[in-house]
Amino acid sequence: MPPALRLATLVNGRFALDERACAMHSGHLAPLDALCRTLGVPALSQFIDLTALELREASRLLEQDKAGQSPEPDPVTGLDWGIEDTAWHPVATGLTCLEALVGHLHRNPAALARVPDASNSVAALERWCRLLEPLEPEGGQFHISAG
């Protein structure tokens with residue numbers, strides 16, 4: 001099963017993790033990244049943060065040594081990791097990528113046909129745009145959390 005991708009945002013110390021997950025995997029990301037190169041924008045995969053996956057794997061490996069012990073949740077994120085543990089990107093940079101992808105896919109049926117599960121992928125990209133747009137004027141940051 002591919003990891004769930006969720007949009008994480010950070011604005012003025014306020015952390016939010018989108019409750020809706022998107023199941024994209026390398027088969028989805030590779031054609032989108034290729035399209036990003038064609039469009040001259042940053043690759044979508046550059047915004048993916050693997051902290052959740054890495055911690056889950058480390059936790060699984062450590063379970064053999066520790067019985068039932070889990071770390072205290074971070075007070076800001078409420079997760080097993082904190083803001084400083086992840087990579088953050090300017091919302092403006094992410095919007096440049098997402099808006100270019102969405103616009104091109106809507107205008108170009110041939111490009112859309114090359115994206116696996118295109119309707120769900122485009123819907124996720126559009127949702128992320130809607131979530132990020134109001135955060136741009138505030139200088140927000142984001143990443144796409146894989147986990």
Side-chain angles (χ1 to χ4, degrees), residues 1-62 70-147:
M1 178 174 190
L5 299 180
R6 296 179 192 274
L7 187 72
T9 58
L10 181 63
V11 180
N12 300 322
R14 293 183 324 268
F15 170 83
L17 185 64
D18 186 18
E19 72 279 353
R20 286 179 72 188
C22 171
M24 280 192 205
H25 53 76
S26 59
H28 294 94
L29 292 172
L32 291 173
D33 281 351
L35 183 54
C36 286
R37 282 190 297 279
T38 300
L39 296 171
V41 297
L44 182 63
S45 62
Q46 116 177 7
F47 303 116
I48 295 176
D49 182 85
L50 301 175
T51 303
L53 285 177
E54 292 167 347
L55 285 174
R56 184 180 310 138
E57 181 62 19
S59 178
R60 187 184 65 76
L61 292 172
L62 290 174
S70 62
E72 290 290 321
D74 180 79
V76 175
T77 66
L79 304 169
D80 291 342
W81 60 93
I83 291 168
E84 67 282 350
D85 298 321
T86 56
W88 295 95
H89 308 276
V91 164
T93 305
L95 277 172
T96 299
C97 170
L98 293 169
E99 290 171 344
L101 282 170
V102 169
H104 186 78
L105 291 171
H106 280 301
R107 291 186 310 272
N108 190 331
L112 188 62
R114 291 190 294 272
V115 176
D117 195 16
S119 63
N120 285 332
S121 295
V122 171
L125 298 173
E126 290 171 333
R127 176 174 172 73
W128 293 342
C129 279
R130 284 191 307 274
L131 292 171
L132 291 177
E133 284 170 351
L135 306 180
E136 184 178 20
E138 297 182 61
Q141 299 178 69
F142 84 105
H143 66 252
I144 301 168
S145 179

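All values derive from a computational prediction rather than experimental measurement.
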Nearest non-hydrogen partners of [X] and [Y], listed with the distance:
{"X": "P31", "Y": "P116", "value": "CG-CD, 3.6 Å"}
{"X": "V76", "Y": "G13", "value": "CG1-O, 4.1 Å"}
{"X": "C36", "Y": "A43", "value": "CB-CA, 3.9 Å"}
{"X": "C129", "Y": "L95", "value": "O-CD2, 3.8 Å"}
{"X": "T9", "Y": "W88", "value": "C-CZ3, 3.8 Å"}
{"X": "T51", "Y": "D49", "value": "OG1-OD2, 2.6 Å"}

Which value, rounded to the nearest 0.5 Å, describes the distance between [X] atom [atom1] and [Y] atom [atom2]?
{"X": "H104", "Y": "T38", "atom1": "NE2", "atom2": "OG1", "value": "7.0 Å"}
{"X": "C22", "Y": "R127", "atom1": "SG", "atom2": "CZ", "value": "10.5 Å"}
{"X": "W128", "Y": "D18", "atom1": "CH2", "atom2": "CG", "value": "9.0 Å"}
{"X": "R20", "Y": "L131", "atom1": "CZ", "atom2": "CG", "value": "9.0 Å"}
{"X": "L101", "Y": "T96", "atom1": "CG", "atom2": "OG1", "value": "11.0 Å"}
{"X": "L125", "Y": "H28", "atom1": "CG", "atom2": "NE2", "value": "10.5 Å"}

**Prompt:** Do D33 and S45 get their side chains close enough for a donor-acceptor pair, meaning under 3.5 Å?
**Reply:** yes
**Message:** One pair to check against side-chain contact (heavy atoms from CB on, under 4.5 Å): H106 and V122. What are the steps and the verdict?
**Reply:** CA-CA 9 Å; H106 280 301; V122 171; 3.9 Å; yes
**Request:** Report, as yes or no, whether the 6.0 Å neighbourhood of atom CZ on R14 holds more than 12 heavy atoms from other residues, nucleotides or ligands.
**Result:** yes
Is there side-chain contact between [X] and [Y], with at least one heavy-atom pair below 4.5 Å?
{"X": "T77", "Y": "D85", "value": "no"}
{"X": "L32", "Y": "L105", "value": "yes"}
{"X": "L98", "Y": "F47", "value": "no"}

Without placing hydrogens or testing angles, list every side-chain donor-acceptor pair under 3.5 Å for residues 132-147, not counting sequence neighbours.
from, atom 1, to, atom 2, distance (Å)
H143, ND1, A87, O, 3.0

**Request:** Look at the side chain of R6 and the backbone N and O of E19, then say whether any donor-acceptor pair between them is shorter than 3.5 Å.
**Result:** yes
**Item:** side-chain contact (heavy atoms from CB on, under 4.5 Å) evaluation trace for L29 with I48
**Value:** CA-CA 10 Å; L29 292 172; I48 295 176; 3.4 Å; yes
